[in-house]
Amino acid sequence: MKTIFRSYEDEPVAMARRLLGQDLCRRTRLGFCVGRIVETEAYLSEGDSACHSAVGPNRKNASMFGPLGHAYVYTIHARQCFNVVTQAADVGSAVLIRALEPVRGIELMQQRRNTTLVRDLCRGPARLCESLGIGREMDGWDLSLGQRLWIEVGHPVPATEIRMTRRIGVTSAESLLLRFFVNGNPFISGTRRQNAS
DNA sequence: AAAACGATCTACT
DNA sequence: GTAGATCGTTTTG
C-alpha cells in the first residue's frame, strides 16, 4: 500500500495541509468506497480549549492520545466525526476530516445516506462518516494497516489552491480554528446549494 | 433522574 | 439566515 506519510510524527497543521487531495478509503462487507479529502481542520493540543484533548485523557478521547496515525472517531449531535491522530502518543492533537469529494462507491454512499445528491454525500464531517460507514467501532483503528479504513495517495493539491480559515475565540476565549480546504472545490462545506444528482 | 450541551445537519423562509 | 432534530455524555439537583 502506498501512503503519503513519511512519518505520522507531524504537527497537525502540516498534516492538515498534506491530507488535502489524498484518498480516504473504506472497505466493508457492503463494498468499497473512496473519497478525496478536500477540507480538513487542525486541532492543536496546546492553546486550544476547543480541542477535545484539552480536558486531558478520558474514556471518550482516549484514542486521541493513543498511537499516532490511528483514527479518532467522536460522537456529536447523534453523529460521528472522523479524525487522524497526529504527533506522538500522549500529545493529543488531531486533524478533523471535514469534507470529501466522492470518488468510488457512490452508489453505496447514496444508499447509506439515503439521498442521490452527490454533493451532499460527504460535505461535512458527519455526512462523510455516514457515507463511508464509519462508526465509533472504528475509534482507535490503525490507518497504516491498509484495511477497512486507510488513506492512499490521491491527486496532490498545489499550494496555491489551498486556502486557510483562521479564527480565534469562536466558541470560547482560547479556542483556535484552523481550517484548510481546496479553493473552489464544490464539495467543501459552507458553499451554497447546487444542482441535484 | 432530569437537564444541558455539542468539532452537526436538514428543512424551511 | 435560523429553528428544530438528534442522542450519548456530562452536569446538576
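Proteins come first, then strands; the chains are lettered A, B, ... in the order of their sequence lines, and each starts at number 1.
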- Can you check the F180(A) CZ to dA7(B) C1' distance for me, whole Å? 15 Å
- Item | Length of the line joining Q80(A):CD and dT6(C):P, which is rounded to integer Å | 16 Å
- Message: Output the rounded distance in Å from CZ (R98(A)) to P (dA7(B)).
- Response: 11 Å
- Message: Measuring from the side chain of P125(A) (C-beta onward, heavy atoms only), which nucleotide among dT10(C), dC9(B), dA7(B) has the closest atom?
- Response: dC9(B)
- Message: Taking the minimum atom-to-atom distance to the side chain of A78(A), which one of dT8(B), dC7(C), dT9(C) wins?
- Response: dC7(C)
- Query: Where the side chain of N83(A) is defined as all heavy atoms beyond and including C-beta, which of dT8(B), dA7(B), dG8(C) is the nearest nucleotide?
  - Reply: dA7(B)
- Evaluate whether the aromatic ring of H77(A) and the six-membered ring of the dT8(B) base sit under 5.5 Å apart, centre to centre, with an inclination under 30°. yes
- Message: Is the base of dA7(B) stacked against the aromatic ring of Y74(A), taking ring centres under 5.5 Å apart and planes under 30° as the test?
- Response: no
- Item | Check: G154(A) main-chain N/O paired with Q22(A) side-chain donor or acceptor under 3.5 Å | yes
- Message: Just the rounded figure in Å: distance from C1' of dA7(B) to OH of Y43(A).
- Response: 3 Å
- Validation row: F187(A), R123(A) side chains within 4.5 angstrom (heavy atoms): no
- Query: Going by the angle between their ring planes, with limits at 30° and 60°, are Y72(A) and H52(A) parallel, tilted or perpendicular?
  - Reply: perpendicular
- Task: Quickly work out the R79(A) CZ to dT6(C) P distance and round it to whole Å.
- Result: 9 Å
- Nucleotide dA7(B), atom C1' - distance to CG of D139(A) in whole Å: 15 Å
- Note on the structure: Assign each of N58(A) and I76(A) the nucleotide of DNA chain C bearing its closest heavy atom; nearer the 5' end lies the nucleotide of I76(A)
- Message: Does Y72(A) reach a base, just sugar-phosphate, or nothing at all? Heavy atoms under 4.0 Å.
- Response: base
- Query: NZ of K60(A) versus P of dG8(C): gap in Å, rounded?
  - Reply: 12 Å
- Task: May I ask you to test the R26(A)-L149(A) pair for a side-chain heavy-atom distance under 4.5 Å?
- Result: yes
- Message: Going by purine N1 to pyrimidine N3 plus the second Watson-Crick contact, or the G-U wobble pair, all under 3.5 Å, which nucleotide sits opposite dA7(B)?
- Response: none
- Query: Could you give the NE2-to-P distance, from H52(A) to dT9(C), as a whole number of Å?
  - Reply: 13 Å
- Would you indicate what R179(A) reaches in the nucleic acid, counting non-hydrogen atoms under 4.0 angstrom: base, sugar-phosphate, or nothing? nothing
- Query: Whom does dA2(B) pair with, Watson-Crick or G-U wobble, provided both distances fall under 3.5 Å?
  - Reply: dT11(C)
- Message: Quick check on side chain to side chain donor-acceptor pair (under 3.5 Å): which of R136(A), K60(A), Q80(A) does Y74(A) satisfy it with?
- Response: K60(A)
